[in-house]
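Basis for what follows: all heavy atoms, side chains included, without hydrogens, waters or symmetry-related copies. In what follows, chains are A, B, ... by sequence order, proteins preceding strands, each numbered from 1.
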Amino acid sequence: MKTEPVNNAAYYEQVEADVFAAMQKPRATYWLALAISLTCFGIGLACWGWQIFSGMHVSGKNNPVGWYMYITDFVFWVGIAHSGTLISAVLFLFRAKFRKAFNRSAEAMTVIAVMTAGLFPLIHLGRVWFFYWLMPYPNQRLLWVNFRSPLVWDVFAVSTYFTVSAVFFYIGLLPDLAIARRRITGIRQWFYRILSIGWRGTAKQWSHYEKLYGFLAAFATPLVISVHSVVSWDFAMSVIPGWHTTIFAPYFVAGAIFSGCAMVITLVVPMRKILGIEQYITVDHFESIAKLLLFTSMIVGYAYILEYAMAFYGGNVFETAHFMFRMLGDFRKPYWLMCFCNVLLPLTLFIRKLRRNLVYLFVLSLFVNVGMWLERFVIIVTSLAHDFDPYAWGNPNWSWVAIGITVGSFGMFFTFFLIFVKVLPVLSVTELKEERAHETLHI
Amino acid sequence: MKKLLFAAVTGYFALAGLLVFGLHFHYGVFTKRLLQPIHFPHATHINKVGLACTKCHITVTNSPAASAPPLAVCMECHTKVKTESPEIKILTEHWTKQEPIEWSKIHQLPWHVRFTHKRHIAAGVDCTVCHGEVNTMTQVHQVRSLEMGWCVSCHRENNAPTDCWTCHK
Amino acid sequence: MKRFTFDDTEPFLAKLRELLATGTPVERIEVATPFPVHEALLLLKTPVSRLKFFTFTGALTGFCAGFALTIYSATSWPMSHGGKPIVSLPPFMIIAFELTILLGAVASLLGFLYLARVPAPKYILTSIEADGKFAIFVEEL
Amino acid sequence: MNRRDFFRILGASTGAAVATACDQKVASKLVSQLTTPRLLPGEAEFVRSTCRECSAGCGVLAKVRDGRPVKLEGDPDNPVNRGALCMRGQAGLSRLYHPNRLRAPQLRGTTGEFQTISWDEAFAILNGALGKNITGRRHIFLSERTTGSVSGFIEDFCQKRNIERRPELELYSHAALRQANALVFGRHALPVYDVKQADLLITFGADVIETFLNPVQFAQDLAATKLKWIHLEPHLSLTGVNADERLVVRAGSEAWLLAFLAGELGVTAAQAAEQTGLKLSRITELAERLKKAKNPLVIAGGVTTATENGLLAAVLSAVLQEKHHAPLTWADDDRVGSLADVVELEQQLADGKVSVAFFHNTDPVTYRPSFGAVLGKASFRVGFGDMLNPTLAGCDLVLPLSHALEEDGAVKPFGDTQSLAGILQKLGAEARPKQAPVIQPPGDVRKFLANIKPTPVRAGRTLVITPSIRTFDGRGECLPLLSEIPDPLTTVTYGPWVTISEQDAETLSLKDGGIVGFAVGGRSFNLPVRVMPAQPVGVFTVQRPFLNGASLPLTVTGEEISVWPLDAIAVPAVPAVALPFLSGGMHAEGRGIVPGLEHKHEHEHKAEHVNKTLYPPHEYKNYRWAMAIDLDRCTGCGACVAACYVENNIPLVGRDEHVAGREMSWLRIEPFVNDAGDFEMLPMMCQQCDNAPCEPVCPVNATYHNPEGLNAQVYNRCVGTRYCSNNCPYKVRRFNWIDHPVAQPLDLMFNPDVSKRPKGVMEKCTFCVHRIVRAKDHAKDEKRLVHDGEVTTACAQTCPAQAIVFGNILDEQSHVHQQAKSDRTYRVLEELGVEPAVYYLTSRSES
């Protein structure tokens, strides 16, 4: 229903100008942030080098606890990756409008987080120099991999996830890269020229483009669920009390989205401020994300309670003892802190005022990040530390190397994210334009 | 189009060349000649004299190792045969000084392999299957890769066990 | 080649309608827009994308390849693991599922690149006419 | 380039550098020997020898490969140990390859440093020293317990060279027993008890399956008989927990009870009850049972006979033995003296009456530091031994002895060593025929008993000093393997420590590793504690080697006192130490690990406890290797653990790694205790499950189920995800967290049939697959299957109690098949459905 002719040309120009202004020469704070991230990254690499050189004993693991912080980090980063796909693909399929504010940074976050996560299965290998034995390839030994192993599923799931989310990210970027090619001059232009692969935006191209985007979204949605299910099966397929449980797949997927939403808030709140794009990412958008956070938090909380219910209702001596240990044993502090961060604190989001308070949201998201890291830590360590045979019980050791590599993973993540915000448009200009056109012209 | 075709053809041959070079390099790794204390001509002993392998490698049929023949075996003949040859003089010197001879080992298996000659001989595997035509070699060198896939293929063909612990220790 | 450029969708669509009304055949009209303008696609009778064939082929290949790889490799050297059958279909299904998605997505991407004729070296190396504008190109006879 | 490619390249470049360091060296030379070797390559020969890790003197067979002994096994033909060997004996082989072994004669130079000299020089110096004028002084010769021809050579040497041969020195001389036996039986020697003929055995303090006399023989006999065994002790010992009944008495009170049981000294049951702390009814019941028994045997020893009342206890037990006509034979060790003789020698030294002093394989300085202070007063000191100990370090001339195995031609000797007999021969001694043992008329027991009164026991905290099952009197301290294997009950590996009860820990606010301070034998000690359930309240147990440096007070018989009042115990304000103990928990009720009610239920309701599965069962063609472990026989002594270490080249990782929880043992003994204080010792190794949870999770096929039922691990395929270990319910897989370098020449001890595992690789018990392969190879030569008993694992081979049976369970005639079929059988964590191949037998789940 057209009422009066509207001229959107000025708006289009404004969006482009605002978004590309963010890609201008960075300020000192940016360099400082980058320097800190790079330092952490370097520390992580140095720790990894030291671990390869001197052996896995530096990572604090021991006999019952064969997996420790690295697998915690792996699950954490895979989880972080998930909300990116959720926001860009699932919400796309559901036509949720608020995704347009976050989808680019969330997709970038996905790609970077999967890259980070993908390193950890290598870091935790005793003989990382033979990591390629995990891949099925024809070789002179006539030997393949064991496809029954959840670790091989991981190899497939994580590499598929990385490939698909990278493609999805790139395809979403393509029209914006074409804008960048036009707006950015000098030697940098060539970068965008090549990346935009001669995209012109003809009618044919757009028709294929929209199809592709839809297909990728449709692929990514079951993929995201399968990936975290596979990650959860690393645990659920074992016999260890506390791991061997059927709710792990949905529980992990919900937890992944939960942590991912928190990480989006952590990243986007300062980003919109620093890059001056407040008018495109509004408090309303954050409120929507906060609702998603609250919803997934309640699923996670339900899963926590359900685990106990199953253990005690089942009456299995190992399960019961294990969950008593989780609650009251040597790792009770991280356990209760995790419950506080993941279940209690997000309940405050029922209050509208807090939901719309960005400072509060930011602080809360940090707590949730910590809480979700601890969740994986508690699941992994408590289950391994106290399983069937009391003689073999034992706690892992404190390790600076493992801490260093964990810090390094954050360093790597933020380094790549910081590079992303200065190199690529952090908002989908094309989609914003399209949305405006839809709103005003009702085409 | 022409350019594309040219590129494809060049690329194809370059790749093939690389492959051939790579294989050659790989082959070169295990076929390299090693220096031996005595130039021992297997060809002469097998073809001219007509000795069987087991004549000198006395433990090959009943123990895991083929082992180098003890000098006493050499001296069964070489107290009389060709005593003036410079190579035999080295042998005689070892014998008179009662010093064992240390040969460079040609066929090496890695540390984790459990291999027994005895079982292979008992199963009727000819020496040449693994060691090549030693009777044509003036100096013994490795002709088979002795890599796992090579072993496994033969085991599969002959219904020999392919349980990992058959060979891995 | 005639070219009309606009800064907004409204005049662009108006001109497009006008061109079609004046009898310019759709085959001679090409448009370029900074975002998809569905009305223009309808006006130009752009055929439905054939991308789905690529996607389907890729996904099916992935599905079959997943089972083929797992079953072949399990039977080529049968090894018992924890009393499970040599061909354990449930775990193999996971591989098949992941490969369905992987090859489906990759085939879609390749299909898209082919159908949309990108990368286009011509437009990478030279600048594009009316880049970022709503443009109509009419091929002249 | 995607991420994977990037890491492939990164991995390859870093990996290449690291991987080269991981591969073992392969011999690059092929040697033409001079003549046809005696043995085929790869064949082992067995060399007979005697173990001297304690005074029992078990016979051993050393398995020699290419001139290097790689393993010791018990000599089946030896009457003392009949094929079995304890933990100390298994570890004894590393003495041969010890890096600290002396390789040439050492002479103390003018600067005080040892200098290497030749044997000719050494003999010249010795002859010179012996030839000097020694007015007012005497040469002395002090040795460990010697037997046979060595003893003869010493005797001859001493007589020819006018040397006083001192009574032989053993820390555990059991002097009270000797005196008692001299008094009662007229033999100043130790008996060999025959428990097989007894129907009731009552042991007072004698740790018969740990260190007392010949523990291997005791363990064998006790496992083979059905007698009732009651053990009384003031502390908590492995022997105690293995007895049918364990009664805790106050330290030093045993003589009261023995007097009552023997009806001597007018001690009443009430008095005995008051002194021992036992219930009156218990004591009368004990007396009743003793009376009823046909062939009872009462043995006192260990901590009981090394107290103030020790001699009385020993005499009373001998009286009871005589009364019940216990069949005794006598060991050839009349020459062993006691520490009282060392004190006497110390006085001679202090008085400057010793000229040349010879010390042969003995270490009085460690037992009595004051001896070290006067050692220098001898005009010349000569030591014989394999390694420097404090006594040898104080000598002027140290002559390296060869290992007993090196005296046989089959073993290549290390360095320039000689046997004692050889040395003495060169000094002019000759072999002597065996001397008949001294038999005296028995003493007057009545007179002795008329003149003695047992000392009343004092109340309060007590320190009980025991020998160590691992290092005996401390001589095994230099063997790293013995520190690597946990002490059976406390599971502490690297000491020292003091065992205390849970109540004492609470009163003193101590946890494991907390420090207690006390003084004993003129020295104060600050030692960490290990809190043990079932340890008697107020009793602090410490093993003798941890008190080295103290001169413990002696009893009237010249033994070190084993019970010491601890009223002045302190808890110093020092931080607790990380005590390396391997047990994560000692209570396992209801978990299906040790025999319990749940197994009883399983037996009674078999139908309900069938593990359901979707999959068809495994089909095996000729072999399915399996193991049966009889828990009624197993004592938990740890011999199997030691055998496993040596057989399979298991690396020793040391204290820090143990504290971190990274021990490498493939086989372990798990002590579990129930609320009643009863212990169950459970040997735990890879269970070779049919449905092994470790197998399906390995991504690279490094572990899988082999056609003979074994859970195979291919070391060089392993990439080290540790997933298998996580998923093992028994936690028996071991990961190589680091490379384990071995000090030269200990690497020569490696079993060539088993590979060394590089860092980053998982390893585990293989049921000694190399032995199976060898046995199958022999069987194949003869075109038959492997017979039952033809192949056994290292653990089963050495087990003194013969608790472990290994074999092919498909063979219905096999011992293991019979055992597995027995209705005493249960499997650990059976309800998980993993179908383990290790069957545990017990009759205890019924009670």
* **A:Val429 versus chain C, the contacting section by heavy-atom distance below 4.5 Å** => neither

* Heavy-atom distance under 4.5 Å to chain C: side chain of A:Pro222, backbone, both or neither? -> both

* Below 4.5 Å from any heavy atom of chain C, which atoms of A:Glu434 appear? Answer side chain, backbone, both or neither. => both

* Asked: Do you know which of A:Ala157, A:Ser196, A:Ala220 has the most heavy-atom pairs with chain C at a distance under 4.5 angstrom?
  -> A:Ala157

* Where do C:Thr55 and A:Phe219 land on the side chain to side chain contact (heavy atoms under 4.5 Å, CB included) test, with the steps shown first? -> CA-CA 10 Å; C:Thr55 309; A:Phe219 274 133; 3.5 Å; yes

* Structure fact -> Bottom line for C:Tyr72: the part with an atom under 4.5 Å from chain A's heavy atoms is side chain

* To do: Determine, step by step, whether C:Leu69 and A:Trp144 satisfy the side chain to side chain contact (heavy atoms under 4.5 Å, CB included) criterion, reporting the C-alpha distance in whole Å, the side-chain angles of both residues, the deciding distance to 0.1 Å, and the verdict.
  => CA-CA 10 Å; C:Leu69 173 67; A:Trp144 295 87; 3.9 Å; yes

* Non-hydrogen atoms of chain C under 4.5 Å away: do they reach the side chain of A:Arg181, the backbone, both or neither? -> side chain

* Can you say whether the rings of A:Tyr12 and C:Phe134 are parallel (under 30°), tilted (30 to 60°) or perpendicular (over 60°)? -> tilted

* Structure fact -> When the 4.5 angstrom heavy-atom criterion is applied to A:Phe215 and chain C, the contacting part is side chain

* Under 4.5 Å from any heavy atom of chain A - which part of C:Thr70 -> both

* Given a strict heavy-atom distance threshold of 4.5 Å, which part of A:Trp199 is in contact with chain C: side chain, backbone, both, or neither? -> both

* To do: Could you pull out the closest heavy-atom pair between C:Ile124 and A:Gly198, with the gap in Å?
  => CG1-N, 3.5 Å

* Member of A:Lys211, A:His208, A:Gln205 meeting the side chain to side chain contact (heavy atoms under 4.5 Å, CB included) criterion with C:Phe112 -> A:His208

* Asked: If you take all heavy atoms of C:Pro47 and A:Ser207, which pair is closest and at what distance?
  -> O-OG, 4.0 Å

* A:Leu216 versus chain C, heavy atoms under 4.5 Å apart: side chain, backbone, both or neither? -> side chain

* **Residue that, paired with C:Ser108, satisfies side chain to side chain contact (heavy atoms under 4.5 Å, CB included) out of A:Val167, A:Leu212, A:Ile171, A:Val164** => A:Leu212

* Say whether, by atom type as modelled, one donor and one acceptor occur between the side chain of C:Asp8 and the main chain of A:Asn8 under 3.5 angstrom. => yes

* Give, as side chain, backbone, both or neither, the part of A:Tyr209 having an atom under 4.5 angstrom from any heavy atom of chain C. => both

* Asked: Run the side chain to side chain contact (heavy atoms under 4.5 Å, CB included) check on C:Leu125 and A:Trp190 step by step: do they pass?
  -> CA-CA 9 Å; C:Leu125 298 173; A:Trp190 278 102; 4.2 Å; yes

* Mind ranking A:Leu143, A:Leu142, A:Asn146 by heavy-atom pairs under 4.5 Å with chain C and telling me who comes out on top? => A:Asn146

* **From CA spacing to verdict: side chain to side chain contact (heavy atoms under 4.5 Å, CB included), C:His38, A:Glu210** => CA-CA 10 Å; C:His38 295 128; A:Glu210 290 204 300; 2.7 Å; yes

* **Region of A:Asp176 that comes under 4.5 Å of a non-hydrogen atom in chain C** => neither

